[in-house]
Amino acid sequence: MALIIKRGNHQSNEKLRRDIIHLILTAYSVICVLPFLLVISGSFSSEAGIAKSGYTLVPSEFSTSAYSYILKDPTQIIKAYGVSLSVTIVGSLLGLLFMSMLAFVLSRPQFKYRKALSFYVFFTMFFNGGLVPWYILIVRYLHLKDTFLILFLPLLIIPWYVLILRTSFAQLPEELLEAARLDGASEWRIFHQIVVPLSTPVLATVGLFCVLTFWNDWWLALLFINNRDLVPLQYLLHEITVNINFMAANPQTTGITMPVLPVRMAMAVLAIGPIALIFPLVQRYFVRGITLGALK
Amino acid sequence: MSIKKASSVSRRDFLKLAGTSVGGIVLAAAMPTVAQDVTPTATIPPTPLVDLLYLYPGTIQTDRLLVQDAMNEILRTRINATIRLNTIAYGDYEQRINLMNAAGEAYDLAFTASWINLYDINVSQGNFLAVDDLLQTVGRDVYASLPAGIWGAVRVGGQTYAVPNNNIMAFPGGFYVRKDHADNYGLDVTNINSYAETEAFLAAVKAGEGIAPIAANTDNPCGQLWSGPTGSDLVLGGPANAYTIMVDASGTVRSIAFDDAVFGNSVRLAHNWYLAGYYDTEIIPNEEEKALIRAGQKSIVYNVTTKPGAALEQKNDWGFDMYSHTIVPPTLTTGGVRATMTAIGANTISAEASMGYINEIHTNVELYNLLAKGIEGRHWVWDDQALKVIKFPDGVTAETSGYNPNSDWEFGDQFIAYYISPDQVGAWEETMRINSEAPVSAILGFSFNPEPVRTEIAQVQAVAGEVEVPLQRGMLDPETALPEFQANLRAAGIDTIVAEMQRQIDAWKQSGS
């Protein structure tokens with residue numbers, strides 16, 4: 001009897017504790033969502049509304065002026081979405097392929113030039129030749145200015161991601177690979193039939209990193225793209241930002257009254273949209289991948 | 001254009017013909033309709049057709065390629081060249097050009113100024129071509145069209161490396177005020193001779209509208225109330241900086257911070273006004289200030305450029321009818337002349353064609369207005385052709401127009417631009433008068449080399465950066481804050497900078513005479 005009652009108490013205590021924790025976490029989650037709601041609400045406000053009453057959860061004066069300003073030339077935005085999307089897809093797939101192959105080689109103790117190759121890769125994390133020589137190489141020698149290639153080629157191998165992949169691959173039991181080798185599997189076969197299927201968490205993690213890197217990059221376009229058909233979304237938004245900042249600062253160039261404050265919010269909405277959709281899909285792997293790398 | 005009409009021969013064939021043969025005469029003979037367009041001064045270099053790359057900062061316009069095609073119709077017949085317009089976002093312009101220069105990438109024409117893509121530095125790095133000879137030949141029209149006195153401001157080491165765009169070069173200073181407020185609260189701007197005299201108006205607006213009436217803007221980010229004494233040239237810093245080092249009309253160098261009659265009085269006035277609630281109590285970022293202005297929460301802004309037509313420009317900006325009133329007479333300074341220029345790249349494919357382009361864009365009304373305003377019928381229509389006033393076509397606004405760069409000042413001779421409002425008519429003549437009548441700075445053409453005192457400048461800027469906004473908009477008590485600020489400036493090495501600038505100016509004068 002006593003035991004049962006006690007257990008009942010224990011259970012209700014447990015339940016209470018869990019409820020409290022849930023409550024706290026719910027409150028925390030709501031706080032996390034608030035900034036996004038503010039951004040979305042800000043993007044649908046009129047500038048005068050923001051000036052008078054600040055950013056509010058519900059627009060004080062509803063207006064779509066920010067979106068009509070940004071989307072006044074929709075063909076350019078659509079093109080830019082297309083460029084960003086293709087760069088992200090092609091770049092992430094190729095990047096993941098090359099980085100995982102490189103990481104696999106670097107993770108194998110049998111590989112004779114492992115140290116030298118590791119040094120060659122990771123040295124670039126700390127030192128580089130500087131912007132100008134890099135620019136000269138790409139423009140004058142590789143002739144990659146104004147090409148689709150330049151938008152993802154420089155980001156295909158990112159040493160930090162290689163490091164993450166290598167660490168993860170190195171933790172696979174050597175016996176497993178040894179067994180495969182004894183069965184006559186080639187290194188290539190070991191890689192794509194054993195290592196890759198066992199490493200989906202880390203591949204998903206690095207894949208997501210890659211997607212974010214390529215989706216968010218505007219720097220390469222700033223340096224190398226003049227052709228308006230190759231301008232990615234982020235650079236287009238960057239251009240709009242720097243121009244509205246400049247124009248807000250220089251009365252000589254205005255004459256167009258721009259809703260500066262809402263435009264910024266609207267751009268944030270346009271830029272994060274697709275990524276916010278991808279994130280929940282790979283989040284599962286993302287969390288596992290992080291702990292995998294961190295704990296072992 | 002006439003070529004388009006006449007060409008049963010394809011345009012390309014025609015150009016090949018015109019390009020590879022002997023230019024003008026053949027061209028005129030083969031195309032009688034073209035010949036009418038070619039005035040006697042047009043110089044068609046006997047080279048094959050060249051394609052010029054022109055870099056300038058701006059907002060990328062949807063219809064820029066249509067405008068480019070239309071410009072090229074004219075340029076082919078006039079200078080046997082075509083142009084590629086390469087607009088680069090304002091914030092990215094400098095970096096792009098720096099990299100192109102570093103990599104030795106060729107461009108033919110580039111916008112340069114004293115505030116972006118810096119003229120001095122480009123000249124010292126050899127990025128621009130000296131154009132003195134070209135200005136006597138291909139560019140003689142543009143040379144003649146600019147006031148003779150300004151060329152001294154552009155010369156470096158006796159040579160000219162850019163052609164200034166013709167627009168306001170001597171900037172008068174004053175204030176803008178909302179017309180409705182001024183009329184309602186009894187401010188007769190024509191009677192105002194100093195900022196202090198607007199105090200009664202400020203009090204009335206504060207009481208009547210319940211707002212802090214003084215706005216800040218980019219010309220005046222601190223709401224500061226001082227401006228350099230007549231004939232002075234602000235060489236280091238600017239009207240917003242509390243440490244600004246200027247050269248007065250007699251050629252003496254000093255820092256504004258130690259000028260009690262100018263700076264001291266202005267911060268004392270600002271402090272009184274701050275206590276009375278005429279300024280915002282906190283410092284508001286520029287773009288939010290803009291939003292407040294447009295929301296009708298501001299009334300007046302001091303210490304701004306009151307050039308002809310400013311009231312109209314400000315109407316766009318504020319969303320209200322404005323008065324613009326001049327308090328400080330203009331001075332022609334190096335910075336003013338160099339505020340907007342076009343240079344020819346050192347690696348240009350054709351220096352002659354590039355100068356030919358500059359010459360045309362300064363003198364050919366049709367070509368200039370294509371670049372500045374777009375295509376007739378599509379981007380603008382006549383409002384009053386006799387007065388040269390244009391307006392947007394029906395159903396088109398500044399926001400929806402496919403081509404509205406709205407930056408006349410960076411392209412060539414603004415004085416041949418069509419007016420965009422009947423209120424603007426006459427502004428160009430007035431501006432030309434100001435340019436030619438303004439007293440010339442004692443050091444026109446001098447540019448300061450900050451290298452020897454770089455450390456001191458950084459220290460002084462850091463010291464000033466801490467207090468210049470609150471001090472100039474009256475948030476600090478000048479009785480204690482001003483002496484402290486002056487002591488800090490001295491400790492940071494302001495005297496060293498002043499001495500170095502004086503030395504450079506003396507040496508510059510020596511070498512000139």
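Here the structure is a predicted model, which means the values were calculated and not measured. Just so we're on the same page: letters track the sequence lines, and every chain starts at 1.
The candidate from A:Val132, A:Leu222, A:Val139 with the greatest count of non-hydrogen atom pairs under 4.5 Å with chain B is A:Leu222. Most heavy-atom pairs under 4.5 Å with chain A: of the set B:Ala295, B:Ala103, B:Gly91, this distinction falls to B:Ala103. Interface check for chain A: of the options B:Thr62, B:Leu312, B:Thr397, the most heavy-atom pairs under 4.5 Å are formed by B:Thr62. When each of A:Ile240, A:Thr75, A:Ile225, A:Thr241 is checked for heavy-atom pairs under 4.5 Å with chain B, A:Ile225 comes out on top.
For B:Arg64, the part lying under 4.5 angstrom from a heavy atom of chain A is the side chain only. Contact annotation for B:Asp92: both backbone and side-chain heavy atoms come within less than 4.5 Å of a heavy atom of chain A. Looking at A:Tyr141, neither its backbone nor its side chain comes within 4.5 Å of chain B, counting heavy atoms on both sides. Proximity to chain A is limited to the backbone of B:Ser401, based on heavy atoms less than 4.5 angstrom apart. In this structure, chain A has no heavy atom under 4.5 Å from any part of B:Glu410.
Rounded to the nearest 0.5 angstrom, B:Gln95 CD and A:Leu223 CG are separated by 6.0 Å. For the atom pair A:Leu236 CG and B:Ile60 CD1, the distance stands at 8.0 Å (nearest 0.5 Å). The distance from the OG1 atom of B:Thr87 to the CG atom of A:Asn226 is 10.0 Å, given to the nearest 0.5 Å. Summarising the geometry, atom CG belonging to A:Leu261 is positioned 8.5 Å from atom CZ belonging to B:Arg294; distances are rounded to the nearest 0.5 Å. A:Phe224 contributes atom CZ, which lies 7.5 Å from atom CG of B:Leu99 (distance to the nearest 0.5 angstrom).
Smallest separation of non-hydrogen atoms from A:Glu239 and B:Ala89: CG-CB, 3.6 Å.
Enclosure of atom CZ in A:Phe62 by more than 12 non-hydrogen atoms of other residues, nucleotides or ligands within 6.0 angstrom is indicated. At most 12 non-hydrogen atoms from other residues, nucleotides or ligands lie less than 6.0 angstrom from CH2 of A:Trp160.
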